[in-house]
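Each chain gets a letter, A, B and so on, in the order the sequences are listed, and its residues count up from 1.
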Amino acid sequence: MSQFENFFSKIQDEIEKDLQQKSALQELEHQLDLKLIPHKNFINELSALNPQDLITIPTLTSPEIPIPEILDEFTTSLGKLDCKAVQKERLLNKSIEECAVLILAYRYYRSIGECFNTDGETVKVPMVSNSHLVGTIGTPRELSHLLNLEKIDYQVYLLALLRVVDTIVDYTSSTVIRLSIGSNSPKDYTIAMINSEIVSKLQKGYQLLDLKNDILRKKYDGLKYNSQRLNKIVYDLSLRNLISCKGEVV
Amino acid sequence: MSEQYMQDIFIPSKEYLHKKQDEREELIRIGRDITSYSKKAIFSLHRTFSENNDKVKDLSELVKHLQLLGTRLSQLKTIYDCNIALRGSVAGPVEELIEFFTFGHFVANRRLLEYKQFITYIKILLNATTEPEPYQAILESLFFNIDIPNKYESEVEVTFIDIGDYLMGLFDCTGEIMRSSIQHSSGFTGTLQLETTERQYRYLQDLYQQFTILTQKYPGISIHRGVFDNESRSKGNYSFMKKLEVFNNSIRKIETTLLDILISDKETI
């Protein structure tokens, strides 16, 4: 037996093990995706509601209750796999990001729904939670609490938040289109103004960060286009005096 | 005072990202030192073992290099254990380190260093001390198969090296063996003096054969962050195949050198 055979036999065992673990990780990820589909659908359904109708969301369908359980179950299953720490961390972060997007998007809709159903001439929306109101943007601390995690990786949070910005922009476009076909409330187009302000504030926040050339930087580069898009919508609406009720992000 | 959302979200994010970036840069700097001192140690090996005789080898230069490598490795482990996402940045320096150890064992013993033994050396290095004795013990074990005293052995976990890295480091070692062979063969004439080169040539051929069998079984083989995969045409598979090609070229270079010397030798007779 040559001196190499033993070593290469170990290499083959390791390759087989890594390939098996890869399949196991893919299967686990697939199972998580399947469990998240109903919640993704639910968030998608919310995007079809007008801001003042968002208050009608039944709290029973809130993803804030099942998602931490799904994530916890996933983390336990992942912990049982005999794969390398680097693989586990990567998949865990990816999964937390998926869950975080849903939680943050739900938080946004819920907050908007509440604010559009309060009396007053101006719709006041809190950016982050204060002692009276729930903020449209969940903070890292709130998110880690909601996901039942000790702490959340800020990189994961910032990536999830950028994905929520996409949701906010899409919601603005679809709401403006929907309301342009059958609008009957003075607060209708206010959502565009509010969302534009939220995204501008977030853009200002992201500008504070010294990003290196990685996935976060790439995603952040798309934020300015989102902000421009909303500014244009608000500008066009204002030009035609279509925003009758003022919106403010506090 | 900045707005509440800045206080709650972006100011802590900024601090966090700064900390992570500083750690990443520090890890890269440490990695560069590991690469640099591994290369220096390889040069030292070429000098120390250039003469094929039983003269007592002066290992003092290598001991100094190992001392520095030990310090850097323990610093690297401290940062890496809190930043396992940086596994990719660790792979290059680790391969260079493997190249040193496998080449060191080869030049002295003409054999492949066992992975388990290599990890034992790394564990001792991770217990970095200022005393030269543990490093001397590592080198004596590496070159002369002298058992390492129990007092130096360590149970510290090597979290940043996998057997896949060892395979990649072994590729690099073949280039050093080729250099050593050519250096050794030049200046000698006649078949008797070329026996060492011929043995090294055989060694590389046997090793190449094993790599060939491996690529036949796993045509898409690649190693990324210490994890094997078998995806044809992936970036990692391309790197692996490129290294195999370079390895084959090294064998051809020794072959050419041997043929040139042997044929010209016949001519003088």
Side-chain angles (χ1 to χ4, degrees), chain A residues 2-22 25 83-90 93 126-130 135-143 151-155 157-158 161 198 201-202 204-212 214 216-217 249-250, chain B residues 2-21 24-25 80-81 83-88 90 109-116 159-160 162-164 166-167 170 203 206-211 213-214 217-218 220-231:
Chain A
S2 100
Q3 59 174 312
F4 301 117
E5 279 173 29
N6 190 23
F7 172 68
F8 276 86
S9 150
K10 276 184 198 154
I11 291 285
Q12 286 194 27
D13 292 346
E14 189 72 11
I15 295 173
E16 291 297 336
K17 189 183 148 207
D18 281 355
L19 293 177
Q20 269 177 22
Q21 292 305 330
K22 185 185 170 187
L25 286 168
C83 53
K84 297 189 170 90
V86 65
Q87 289 174 293
K88 283 186 185 178
E89 193 190 69
R90 210 163 170 222
N93 282 342
M127 183 75 174
V128 288
S129 299
N130 55 40
T136 44
I137 303 298
T139 63
R141 188 184 291 226
E142 286 172 322
L143 185 64
K151 59 177 181 178
I152 192 150
D153 186 319
Y154 279 90
Q155 173 101 359
Y157 170 81
L158 292 167
L161 190 56
I198 291 173
K201 278 179 186 280
L202 289 178
K204 201 172 139 195
Y206 275 93
Q207 273 171 355
L208 194 74
L209 311 174
D210 304 316
L211 302 174
K212 62 182 173 74
D214 63 358
L216 186 57
R217 173 72 185 265
V249 180
V250 291
Chain B
S2 59
E3 291 178 72
Q4 193 58 45
Y5 78 96
M6 283 286 194
Q7 299 279 350
D8 291 350
I9 302 172
F10 292 102
I11 290 172
S13 297
K14 186 185 171 86
E15 283 165 11
Y16 173 87
L17 291 179
H18 265 179
K19 184 175 168 274
K20 288 287 161 191
Q21 282 166 16
R24 178 177 170 268
E25 279 161 23
Y80 175 76
D81 286 348
N83 296 278
I84 49 177
L86 297 176
R87 182 64 175 76
V90 174
N109 300 285
R110 310 279 171 234
R111 289 197 69 78
L112 173 70
L113 172 67
E114 280 190 29
Y115 176 65
K116 201 176 152 195
T159 46
F160 54 92
D162 292 287
I163 199 164
Y166 201 70
L167 194 69
L170 204 54
Y203 177 91
D206 287 349
L207 183 59
Y208 187 77
Q209 173 65 13
Q210 294 296 328
F211 269 108
I213 293 169
L214 196 68
K217 196 159 183 189
Y218 305 99
I221 186 171
S222 69
I223 297 144
H224 182 57
R225 298 171 174 218
V227 182
F228 282 103
D229 204 351
N230 188 22
E231 288 271 343

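Among all heavy-atom pairs drawn from P140(A) and D8(B), the shortest one is CD-O, 3.6 Å. In plain terms, the two heavy atoms of L214(B) and I15(A) that are nearest each other are CD1-CD1, 4.0 Å.
With a 4.5 Å cut-off on non-hydrogen atoms, R141(A) does not touch chain B at all. Contact of Q87(A) with chain B is made through the side chain alone, with heavy-atom distances under 4.5 Å. Contacts between I221(B) and chain A at a heavy-atom distance below 4.5 Å involve the side chain alone, from C-beta outward. Both the backbone and the side chain of L208(A) come within contact range of chain B, with heavy atoms under 4.5 Å apart. For Y206(A), the parts lying under 4.5 angstrom from a heavy atom of chain B are both the backbone and the side chain. Interface residue Q21(B): only side-chain heavy atoms are found under 4.5 Å from chain A. Proximity to chain A is absent for every atom of E25(B), based on heavy atoms less than 4.5 angstrom apart. For a residue to count as touching a neighbouring chain, one of its non-hydrogen atoms must lie under 4.5 Å from one of that chain's; by this rule L170(B) touches chain A with the side chain only. Proximity to chain B involves both the backbone and the side chain of Q155(A), based on heavy atoms less than 4.5 angstrom apart.
Looking at heavy atoms from C-beta onward, F8(A) lies in side-chain contact with L207(B) at the 4.5 angstrom threshold.
Rounded to the nearest 0.5 angstrom, I213(B) CD1 and I11(A) CD1 are separated by 13.5 Å. Here the CG-CZ distance, from D13(A) to F228(B), works out to 10.5 Å after rounding to the nearest 0.5 Å. With rounding to the nearest 0.5 angstrom, the NZ atom of K88(A) is 9.5 Å from the CD1 atom of I84(B). Here K20(B) contributes atom NZ and D214(A) contributes atom CG; the two are 13.0 Å apart, rounded to the nearest 0.5 Å. Between atom CD of residue E14(A) and atom CG of residue L167(B) there is a gap of 11.0 Å, rounded to the nearest 0.5 Å. How far CG of L202(A) is from CD1 of I9(B): 6.5 Å, rounded to the nearest 0.5 Å.
With respect to chain A, the highest number of heavy-atom pairs below 4.5 Å among F211(B), Y115(B), Y166(B) belongs to F211(B). Note on R225(B), M6(B), R111(B), H18(B): by heavy-atom pairs under 4.5 Å with chain A, the leading option is R111(B). Interface remark: of the candidates V250(A), N130(A), L211(A), V128(A), V128(A) forms the most heavy-atom pairs closer than 4.5 Å to chain B. Per-residue heavy-atom pair counts under 4.5 Å with chain B were compared for T139(A), D210(A), L19(A), and the maximum is reached by D210(A).
Within a 6.0 Å sphere centred on NZ of K204(A), heavy atoms belonging to other residues, nucleotides or ligands number 12 at most. Within 6.0 Å of the NZ atom in K19(B), the count of heavy atoms belonging to other residues, nucleotides or ligands does not exceed 12.
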| said: Determine whether Y218(B) and E16(A) satisfy the following criterion, side-chain contact (heavy atoms from CB on, under 4.5 Å), listing intermediate values before the conclusion. | reply: CA-CA 10 Å; Y218(B) 305 99; E16(A) 291 297 336; 2.5 Å; yes
| message | For a side-chain contact (heavy atoms from CB on, under 4.5 Å) check, start with the C-alpha distance between K84(A) and R87(B), then their side-chain angles and the critical distance, and finish with the verdict. | response | CA-CA 11 Å; K84(A) 297 189 170 90; R87(B) 182 64 175 76; over 6 Å; no
| task | In sequence, state the C-alpha distance, the side-chain angles, and the governing distance for K14(B) and Y154(A), and then conclude on side-chain contact (heavy atoms from CB on, under 4.5 Å). | result | CA-CA 9 Å; K14(B) 186 185 171 86; Y154(A) 279 90; over 6 Å; no
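Ion pair E231(B)/K22(A) flagged as a salt bridge, since at least one NZ, NE, NH1 or NH2 atom sits closer than 4.0 Å to an Asp/Glu carboxylate oxygen.
Although no hydrogens or angles enter the test, the distance criterion places a donor-acceptor pair under 3.5 Å between the side chain of Y5(B) and the main chain of K201(A).
Within the 6.0 Å centre-distance limit, the rings of F4(A) and Y203(B) are counted as a close aromatic pair.
Residues K217(B) and Q12(A) have side chains that bring a donor and an acceptor to within less than 3.5 angstrom of each other.
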